[in-house]
Amino acid sequence: VGGFDFPPRKEKGKNDKQIRDSDNVTLFQRKNQLSRRLRGRRMGDPRMSLAVAAKLERPGLSMVEALLAGGFVFPNLNEHALCDRKVRDTENVTLFSRKKELGKKLQELERIGCINAKDSTSTGGL
């Protein structure tokens, strides 16, 4: 199983901390190692990826327009009295948070050299 020689089935009455492989490492420890490795590889929201792509294709887009192009829905966006911290999407996440996340993604792409600073100048008033 995964390159380790654990028994194919757990023996009745034994927990993960009692089962060891040939390196004397417990099954509990191996599961934690795997969990830590996979933690950084979480899949992002595909709508955010679309929003990033929209912003990169058309740098003149505002952050809100890019989020809408990505597929986010903000039902009360047109209410003029609401600020970014009060407008929420269908998943109850604020527009402010979505804009901040989009900005961070664009900054990360800029930092690693995928885009130039001039390509992402219009941040939509973050």
Side-chain angles (χ1 to χ4, degrees):
V1 180
F4 303 109
D5 59 343
F6 289 108
R9 288 193 191 147
K10 284 199 324 188
E11 296 176 33
K12 202 170 194 175
K14 284 194 169 186
N15 63 31
D16 291 349
K17 290 183 178 179
Q18 296 170 323
I19 300 172
R20 297 184 175 273
D21 65 4
S22 62
D23 296 328
N24 204 28
V25 178
T26 65
L27 180 57
F28 178 81
Q29 289 171 310
R30 293 289 188 201
K31 285 181 178 180
N32 280 340
Q33 289 169 354
L34 178 61
S35 177
R36 279 194 306 273
R37 272 189 304 212
L38 296 177
R39 195 171 296 144
R41 297 182 185 184
R42 291 189 180 121
M43 293 297 293
D45 189 332
R47 296 173 300 172
M48 187 58 71
S49 298
L50 289 172
V52 168
K55 186 74 173 150
L56 293 177
E57 286 174 16
R58 299 185 350 214
L61 279 180
S62 71
M63 298 291 252
V64 174
E65 291 169 332
L67 289 168
L68 292 172
F72 289 98
V73 177
F74 298 94
N76 56 352
L77 182 62
N78 295 327
E79 295 178 21
H80 298 286
L82 296 177
C83 68
D84 290 354
R85 293 181 189 262
K86 294 190 177 175
V87 175
R88 296 186 175 272
D89 65 9
T90 53
E91 295 176 353
N92 205 28
V93 177
T94 64
L95 175 58
F96 179 82
S97 295
R98 295 292 190 192
K99 285 170 63 174
K100 191 171 182 178
E101 183 182 355
L102 177 56
K104 284 181 179 180
K105 300 257 185 212
L106 292 169
Q107 285 176 347
E108 177 65 17
L109 288 174
E110 184 180 321
R111 186 184 68 77
I112 62 175
C114 291
I115 60 173
N116 295 326
K118 65 180 175 67
D119 292 340
S120 62
T121 53
S122 174
T123 58
L126 256 183

Participant: Checking side chain to side chain contact (heavy atoms under 4.5 Å, CB included) between K14 and each of K17, Q18, K12, which is the one that passes?
Facilitator: Q18
Participant: Do you know which two heavy atoms are closest between V93 and S97, and how far apart they sit?
Facilitator: CG1-CB, 3.9 Å
Participant: How long is the gap from OG1 on T94 to NZ on K86, to the nearest 0.5 Å?
Facilitator: 12.5 Å
Participant: Would L77 end up clustered with L50 when hydrophobic side chains under 4.5 Å apart are linked, directly or stepwise?
Facilitator: no
Participant: Between R30 and D23, is there a side-chain N and carboxylate O pair less than 4.0 Å apart?
Facilitator: yes
Participant: Going from CZ on F74 to CG on D84, what distance comes out if it is rounded to the nearest 0.5 angstrom?
Facilitator: 9.0 Å
Participant: Could you tell me if the side chain of L106 sits less than 4.5 Å from the side chain of V52, heavy atoms only?
Facilitator: yes
Participant: Does a side-chain heavy-atom distance below 4.5 Å link L67 with D89?
Facilitator: no
Participant: For the hydrophobic clusters of this structure (ILVMFWY residues joined by side-chain heavy atoms under 4.5 Å, transitively), does one cluster hold both V87 and M48?
Facilitator: yes
Participant: Who pairs with R47 by salt bridge (Lys or Arg N to Asp or Glu O under 4.0 Å), at least two apart in sequence or on another chain?
Facilitator: D45, E91
Participant: So which heavy atom on P75 is nearest to which on R88, and how close?
Facilitator: CD-O, 3.5 Å
Participant: Quick one: CD on Q107 to CG on L102, what's the gap to the nearest 0.5 Å?
Facilitator: 10.0 Å
Participant: Identify the two heavy atoms, one from T26 and one from D16, that lie closest to each other, and give their separation to 0.1 Å.
Facilitator: CB-O, 3.7 Å
Participant: Salt-bridged, E101 to K104, with N to O below 4.0 Å?
Facilitator: no
Participant: Between M63 and R98, is any pair of side-chain heavy atoms under 4.5 Å apart?
Facilitator: no
